[in-house]
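One structure is given here, and the rest of the page talks about it.
Just so we're clear, the structure is a prediction, and the values are computed from it rather than from any experiment.
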Amino acid sequence: MAVIKVQKGTKDILPSEMPVWHFMEAKANEVFSKYGAKEIRTPIFEATELFARGVGDTTDIVNKEMYTFEKSERSLTLRPENTAGVVRSFIENGMHRLSAPVKLWYKGPMFRYERPQAGRQRQFHQVGVEVFGIKQPAADAEVILMAVNYLKALGLNDLAVELNSLGCPECREVFKTKLKEVIKPYLNDLCPDCQARYEKNPLRLLDCKVEECKAIYAKPEIQAIIQSDFICEECAEHFNELKKYLDALNINYSINKLLVRGLDYYNRTVFEIKSNNLGSQNAVCGGGRYDSLVKNLGGEDTPAIGFAMGMERLASLIGEKEDKKLDAFIVCNNPLEAVKLTEELRLQGINCEFDLTNKKFVKQLEKASKVAKFALILGEDEIAAGKVTIKNLETSEQKTIERANNFFTYLK
RNA sequence: GCGCCUGUCGUCAAGUGGUUAAGACCUCGGAUUGUGGUUCCGAUAUGCAUGGGUUCGAAUCCCAUCAGGCGCCCCA
């Protein structure tokens with residue numbers, strides 16, 4: 001019989017890995033709650049159109065990476081990211097009428113049909129935050145702060161925050177035009193990808209990793225455009241304000257003029273947080289402002305900003321976490337007494353097990369020493385006397401107490 | 001979609017053409033009929049991803065397929 005295996009690019013998260021995941025999830029709730037954010041869970045599939053209109057149909061994510069299927073003549077898609085879904089819910093539930101800001105956080109699986117590699121899977125998990133209703137740069141600062149403090153709470157240092165401003169649609173258009181103008185003479189020397197980008201999404205040109213292209217973009221007249229502060233006065237003001245906040249909050253960051261996020265909905269602030277310990281896929285967090293998305297998806301004109309983090313990447317930076325041992329393992333050769341005592345202890349809030357196969361005493365004790373902090377010995381003598389012997393498996397100390405006791409204080 | 005690398009027990013592996021495919025961990029059983037985890041003994045791959053081919057002989061060489069890893073692209 002052929003064995004059925006996990007699908008390419010997907011992974012089981014095994015019991016041994018769960019401590020790390022519980023840790024990430026608990027910290028997310030803890031940290032984001034401090035900022036007044038509430039958790040939201042949206043469906044794993046949505047109308048395909050949501051992503052086409054939301055994420056943008058010039059992006060790779062929408063063009064070639066979506067899991068799309070038909071059902072009852074509807075086109076549905078497994079979510080490749082969660083911002084579009086959260087925005088859809090925000091609109092559908094009239095959240096623009098809530099007192100701004102509306103701060104939402106989420107965690108869950110996302111799906112992209114890509115070639116898997118280190119730090120990249122087809123089903124992966126993101127944890128993220130979206131803040132709606134505030135156009136002031138204070139919101140940008142707070143969102144970045146939430147990301148940084150969450151990473152800190154996970155014990156991750158050595159992370160670099162990169163920042164850029166894409167400007168608003170108007171000034172971006174001006175920039176695109178100028179950029180295309182100055183690059184035009186070299187168009188034929190660019191790599192095929194770049195030639196396509198030139199038309200589709202000129203900002204992405206700057207991301208190219210091909211040496212020949214990089215050399216072209218390094219030319220003085222092109223650098224002059226790239227490094228120029230092309231953004232309009234209002235956008236520049238917004239960006240400067242943000243930087244003031246970050247400085248005041250002692251958040252280290254660097255300006256990366258080449259930072260262009262791959263999703264179409266971003267405007268003004270974009271940021272990324274990178275690690276040097278991840279190999280090729282080194283971004284743990286990406287985010288930015290998306291002031292026109294809510295309106296584009298049919299909602300009230302509502303500014304918004306958010307970020308998402310890849311939880312598998314976080315997990316690999318956090319490393320292994322020890323699994324907790326059971327509080328107690330019951331050593332007893334009378335199965336009826338064993339199951340009764342075990343249930344009594346569970347009602348007292350103690351995690352415990354007994355030997356379902358009723359093996360020999362020594363075997364049970366051996367098992368106890370592997371899986372539990374304490375062995376509770378309930379032998380013929382103890383049963384007759386209404387007592388239980390508690391053995392600390394690390395120190396080997398043991399004492400016999402009345403069975404009527406609450407064991408919680410002895411075992412925790 | 002493209003390039004490079006890799007597939008030997010549940011896990012980590014040795015083996016690079018010549019008899020029964022090392023070893024370690026895990027698991028299970030025993031030494032040990034109420035005192036364990038650091039001791040000792042034992043059990044566990046008729047098979048080396050799958051299918052062909054070369055050869056007297058293949059885990060080992062060749063081809064194909066499949067799977068995985070890494071890199072490009074893109075992103076978390």
Side-chain angles (χ1 to χ4, degrees), chain A residues 2-11 14 16 24 55 58-65 79-83 107-128 147 151 191-194 196-197 201 204 207-211 213 259-263 271-275 278-287 306-317 325 329 331-334 357 359-383 389-398 400:
Chain A
V3 178
I4 298 170
K5 298 199 273 191
V6 275
Q7 292 304 290
K8 194 186 184 80
T10 67
K11 279 202 167 75
L14 298 169
S16 62
M24 290 190 289
V55 178
T58 68
T59 63
D60 281 0
I61 291 180
V62 169
N63 276 325
K64 41 186 200 196
E65 297 175 3
R79 63 185 186 192
E81 54 97 61
N82 212 162
T83 298
K107 61 169 197 284
M110 309 296 159
F111 306 85
R112 292 183 199 173
Y113 189 80
E114 292 181 273
R115 192 73 186 265
Q117 62 179 260
R120 195 172 74 190
Q121 294 169 209
R122 289 180 173 179
Q123 176 177 172
F124 62 101
H125 296 75
Q126 288 189 325
V127 55
L151 294 168
C191 70
D193 282 336
C194 277
R197 291 189 190 108
N201 196 346
R204 300 219 62 88
D207 270 346
C208 190
K209 309 277 191 306
V210 177
E211 289 304 323
C213 298
L259 180 62
V260 181
R261 311 235 74 248
L263 286 62
F271 64 98
E272 208 164 85
I273 303 179
K274 290 180 182 171
S275 164
L278 274 178
S280 172
Q281 310 301 321
N282 62 356
V284 291
C285 173
F307 66 78
M309 300 193 189
M311 296 182 79
E312 281 79 2
R313 292 181 191 177
L314 292 177
S316 79
L317 289 175
K325 281 191 166 181
F329 191 89
V331 176
C332 176
N333 284 111
N334 181 330
T357 57
K359 282 200 236 318
K360 281 187 282 188
F361 183 89
V362 177
K363 286 291 169 191
Q364 291 195 23
L365 197 57
E366 190 181 328
K367 170 92 171 173
S369 71
K370 280 180 195 159
V371 302
K373 290 181 275 195
F374 291 89
L376 298 198
I377 300 167
L378 183 65
E380 293 307 320
D381 303 348
E382 283 89 351
I383 293 170
T389 297
I390 300 181
K391 183 182 180 85
N392 183 321
L393 291 164
E394 271 173 32
T395 64
S396 294
E397 287 173 276
Q398 67 178 55
T400 303

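- When the P atom is compared between A76(B) and G15(B), the two are found 44 Å apart, to the nearest whole Å.
- For the pair Val6(A)/Lys11(A), no side-chain contact is recorded, criterion being any heavy-atom separation below 4.5 Å from C-beta on.
- In this structure, Gly286(A) reaches the sugar-phosphate backbone alone: every heavy-atom distance under 4.0 Å involves primed, P, OP1 or OP2 atoms, never a base.
- Considering only side-chain N and O atoms, Lys367(A) lies nowhere under 4.0 angstrom from the phosphate OP1 or OP2 of U35(B).
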**Report entry** Pair Phe329(A)-Ser369(A), side chain to side chain contact (heavy atoms under 4.5 Å, CB included): steps then yes or no
**Finding:** CA-CA 8 Å; Phe329(A) 191 89; Ser369(A) 71; over 6 Å; no

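- Comparing G10(B) with G34(B), their C1' atoms are spaced 34 Å from each other, to the whole Å.
- The side chain of Arg112(A) approaches C75(B) more closely than any other nucleotide in the set A67(B), C75(B), U35(B).
- Rounded to whole Å, the separation between the P atoms of U6(B) and U46(B) comes to 27 Å.
- When the P atom is used for both U38(B) and U50(B), the distance is 36 Å, rounded to whole Å.
- Which of U33(B), C2(B), G29(B) sits closest to the side chain of Lys359(A) comes down to G29(B).
- As a whole-Å value, the separation of Phe329(A) CZ from G34(B) C1' is 15 Å.
- The side chain of Gln117(A) lies closest to C72(B), out of U35(B), G34(B), C72(B).
- Annotation: G47(B) and C9(B) have their C1' atoms spaced 10 Å apart (nearest Å).
- Here the side chains of Tyr113(A) and Lys64(A) are not in contact, with every heavy-atom distance at 4.5 Å or above.
- Not a single donor-acceptor pair, N or O on each side, falls under 3.5 Å between the base of G34(B) and the side chain of Gln364(A).
- Residues Val127(A) and His125(A) form no side-chain contact, since every pair of their non-hydrogen atoms from C-beta on lies 4.5 Å or further apart.
- Side-chain atoms of Lys391(A) and base atoms of U35(B) include a donor and an acceptor less than 3.5 Å apart.
- Closest contact between the side chain of Glu366(A) and the listed nucleotides A76(B), G37(B), U35(B) involves G37(B).
- Looking at Val55(A) and Glu81(A), their side chains come closer than 4.5 Å, going by heavy atoms from C-beta outward.
- A distance of about 29 Å separates the P atoms of C72(B) and C62(B), rounded to the whole Å.
- Atom CG of Asn82(A) is separated from atom P of C75(B) by 18 Å (rounded to the nearest Å).
- Judged by Watson-Crick or G-U wobble contacts below 3.5 Å, the nucleotide A67(B) has U6(B) as its partner.
- At least one side-chain heavy atom of Met309(A) sits under 4.5 Å from a side-chain heavy atom of Leu314(A).
- Residue Ala283(A) is in sugar-phosphate contact alone, with no base atom involved, counting any heavy-atom pair closer than 4.0 Å across all strands shown.
- At G68(B), one or more side-chain N or O atoms of Lys8(A) fall inside 4.0 Å of OP1 or OP2 (strictly under the cut-off).
- Side-chain atoms of Glu380(A) lie closest to G34(B) of the nucleotides G34(B), G3(B), A76(B).
- Within the 4.0 angstrom heavy-atom criterion, base atoms lie near Asp381(A).
- Under the Watson-Crick or G-U wobble criterion, with both distances below 3.5 Å, C72(B) is paired with G1(B).
- Between Pro116(A) and Gly119(A), it is Pro116(A) whose nearest contact on RNA chain B lies nearer the 5' terminus.
- Between the P atom of C73(B) and the CZ atom of Arg115(A) lies a distance of 15 Å, rounded to the nearest Å.
- Going from atom CD1 of Ile273(A) over to atom P of C75(B) covers 17 Å, rounded to whole Å.
- Atoms CG (Leu378(A)) and P (U35(B)) sit 16 Å apart, rounded to a whole Å.
- Judged by closest nucleotide on RNA chain B, Lys11(A) is the one of His125(A) and Lys11(A) placed further toward the 5' end.
- Within the shown strands, nothing qualifies as a pairing partner of A21(B) under the Watson-Crick or G-U definition with both distances less than 3.5 Å.
- A straight line from CD of Glu65(A) to P of G1(B) spans 13 Å, rounded to a whole angstrom.
- Val284(A) comes within 4.0 angstrom of sugar-phosphate atoms only, judged by non-hydrogen atoms across all strands, and of no base.
- In this structure, Glu312(A) and Gln121(A) have side chains that are in contact, with non-hydrogen atoms separated by less than 4.5 Å.
- Rounding to whole angstrom units, CD of residue Glu272(A) and C1' of A76(B) are separated by 9 Å.
- With a 3.5 Å ceiling on both atom-pair distances, U44(B) lacks any Watson-Crick or G-U wobble partner.
- Residue contacts shown for Leu314(A) are absent, as no nucleic acid heavy atom lies under 4.0 Å away.
- In this structure, Glu394(A) places its CD atom 17 Å from C1' of U35(B), rounding to the nearest Å.
- U44(B) and G51(B) have their C1' atoms separated by 29 Å, given to the nearest Å.
- Between the P atoms of C5(B) and G23(B), the separation comes to 33 Å (whole Å).
- Side-chain atoms of Thr10(A) and Gln123(A) form no donor-acceptor pair, as typed in the model, at a separation below 3.5 Å.
- Comparing G30(B), A76(B), C70(B) against the side chain of Ala118(A) picks out C70(B) as the nearest.
- For C70(B), its base never sits under 3.5 Å from the side chain of Arg120(A) at any donor and acceptor pair.
- For Arg313(A), the listed nucleotide lying nearest its side chain is C75(B); candidates were C75(B), C70(B), A67(B).
- Applying the Watson-Crick and G-U wobble criteria (two distances, each under 3.5 Å), U32(B) pairs with nothing in any strand.
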